[in-house]
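Structure record follows, encoded as structure tokens.
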Amino acid sequence: MKRFLILLCITISLNVHAQLSFYNSDAYWANFCLQPDCIQPAQTDTCLVFVSNRHLHKDSLRFVDEYVDTLGLKYFFLQKNAGKWNVYQTATLAAAMRLLPEKRDIVVYTEGMGKIFTTNVERALLMRSQYNVNVIMFDYASINTTFKPARNFRFARANARLSAPHYYKLLREIQQARRGQEDWMQQVKVSTFCHSMGNIIMMEMMKGQDYQQLNKEPFIDNVVINAACVPSRGHEEWVENIRFANKIYIHYNRADWQLKGAHLITMTPQLGEKLKGTLAHNATYINFREQVGSQHSYFLNFPQNEYRMTNEMRDYFGQLFSGKVAVLEEEKTLAKKQGSAAGSVN
């Protein structure tokens, strides 16, 4: 087991380093330009909204850094034009959302460990293009390019916990926009999607923030807890307090090699890896082992990866991100449907 853990850490470290050396290079950052003013951009599909708690350095090439700014959120509208990203800072989430050229269903997307601003842009764009949705990326500092792997693991988890009040504020803004029937929110579905360590933010929000304010009405269609790098045992305590969503989906994969590593490091079974203890009565549990093997990020097709989603997988996530009730074929996924999730798992 110790040998496996060492090999896993080395593999993850090499993969992360190779990616960061590309996405954090001066040449790659040169594709991003923080604009002095926010103007109405040309009509284009390649637009994103970012809500970030990173420090902002307006005069720097890397204008957002790798640390959490606990003082508040920054809102950005991103538009890609001729291979370059124009980044506009806005005063509010609503101001950024009104710049989007088309109304589409909205996914509030939160990534896991190992993402700098530019890699989050790539992932948000992939979700935008593959599922035809508008993406609000909750962008927090989940890696420091100067730290070693073990320190980064602790750094990412600590920053996810620090980000819970900011995520709560973002959801409250969305709730108020729903309640106020703001133009950018009308006739669209809204889903939240937290991946891996991003679920620490959701968990800590439900444990430490005034979630009863969120629970005043169901303003989120689907809450998706994907490959969660959080403790499996006891998760029902905070999941059952989520009443601001119409549906809750918990995705797990017993063969997920990255969550196996997190299990070994923390000596705690991870929710996205295996189910332990009592299950949440208000959640639908989906086992992806038969569909994805040992994959961890199985919700997107990445250009650099050999893994490709099946048609069933694409349809399933497409339903989720459109705010619909999503179902995979049970014989292919061993899905645990709502109603059968009321017992305990050893």
Side-chain angles (χ1 to χ4, degrees), residues 45-49 102-112 115 119-138 174 188-199 201-202 220-230 239 242 245-256 258-259 271-273 275 283-338 341:
D45 283 344
T46 49
C47 296
L48 304 168
V49 169
E102 292 185 52
K103 273 190 180 180
R104 293 186 173 91
D105 294 324
I106 297 168
V107 178
V108 183
Y109 179 12
T110 309
E111 258 293 342
K115 310 304 182 297
T119 48
N120 268 340
V121 170
E122 184 207 38
R123 292 212 164 195
L125 182 59
L126 288 174
M127 180 170 284
R128 163 67 191 84
S129 60
Q130 291 181 21
Y131 295 108
N132 195 33
V133 292
N134 281 332
V135 174
I136 301 174
M137 173 62 84
F138 182 76
I174 293 171
V188 299
K189 302 285 189 179
V190 182
S191 299
T192 66
F193 181 83
C194 293
H195 175 61
S196 197
M197 277 194 192
N199 289 285
I201 300 173
M202 177 69 77
I220 298 295
D221 293 281
N222 290 330
V223 163
V224 186
I225 298 170
N226 189 76
C229 191
V230 300
V239 171
I242 299 175
N246 292 327
K247 292 281 289 182
I248 302 169
Y249 296 85
I250 297 178
H251 298 161
Y252 68 102
N253 171 19
R254 198 174 190 87
D256 186 324
Q258 287 189 231
L259 291 181
L271 178 58
E273 172 204 9
L275 305 181
T284 297
Y285 293 78
I286 306 294
N287 181 355
F288 282 101
R289 172 65 180 89
E290 297 301 315
Q291 286 274 1
V292 305
S294 61
Q295 294 294 320
H296 180 61
S297 297
Y298 43 76
F299 55 94
L300 290 172
N301 286 329
F302 296 96
Q304 66 271 26
N305 292 354
E306 292 183 4
Y307 164 76
R308 287 293 178 266
M309 292 182 291
T310 63
N311 291 334
E312 290 81 9
M313 291 279 288
R314 286 196 299 272
D315 290 344
Y316 171 78
F317 281 104
Q319 292 166 5
L320 273 186
F321 298 147
S322 296
K324 300 174 183 176
V325 174
V327 179
L328 275 169
E329 294 182 40
E330 192 162 356
E331 68 274 13
K332 292 188 177 181
T333 63
L334 307 178
K336 292 182 176 291
K337 297 295 190 291
Q338 187 177 5

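Partners of Y298 by ring-ring contact (aromatic ring centres under 6.0 Å, His included), not counting sequence neighbours, listed by chain and number: F288. Applying the side chain to side chain donor-acceptor pair (under 3.5 Å) criterion to R104, with sequence neighbours excluded, gives D45, E102, N132. In this view, Q130 satisfies the side chain to side chain donor-acceptor pair (under 3.5 Å) rule with no residue, not counting sequence neighbours. In terms of the side chain to side chain contact (heavy atoms under 4.5 Å, CB included) criterion, S129 has no residue partners (sequence neighbours excluded). Taking the side chain to side chain donor-acceptor pair (under 3.5 Å) definition, one finds that S294 meets it with nothing, sequence neighbours left out. Residues meeting the ring-ring contact (aromatic ring centres under 6.0 Å, His included) test with H296, sequence neighbours left out: H195. Every residue two or more places apart in sequence or in another chain was checked for a side chain to side chain donor-acceptor pair (under 3.5 Å) with N199, and none qualifies.
For the residue pair T310/Q291, the side-chain donor-acceptor check at 3.5 Å is satisfied.
Atoms CG and CD, from N253 and E290 in turn, are 9.5 Å apart once rounded to the nearest 0.5 Å.
Remark: of the listed residues I220, N222, I225, I225 is the sole one forming a side-chain contact (heavy atoms from CB on, under 4.5 Å) with I248.
Side-chain contact between M127 and L300: present, with at least one pair of heavy atoms (C-beta onward) separated by less than 4.5 Å. Contact check for I136 versus I106: side-chain heavy atoms found under the 4.5 Å cut-off. Side-chain contact between V108 and V190: present, with at least one pair of heavy atoms (C-beta onward) separated by less than 4.5 Å.
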Would you tabulate the side-chain donor-acceptor contacts of residues 315-326 under 3.5 Å, counting partners in other chains and residues two or more places apart, or write 'none'?
{"from": "Y316", "atom 1": "OH", "to": "H251", "atom 2": "NE2", "distance (Å)": "2.7"}
{"from": "Q319", "atom 1": "OE1", "to": "V327", "atom 2": "N", "distance (Å)": "3.3"}
{"from": "S322", "atom 1": "OG", "to": "G318", "atom 2": "O", "distance (Å)": "2.9"}

Given Y249 and Y285, is the ring pair (Phe, Tyr, Trp, His ring centres under 6.0 Å) satisfied, shown in steps?
CA-CA 6 Å; Y249 296 85; Y285 293 78; over 10 Å; no
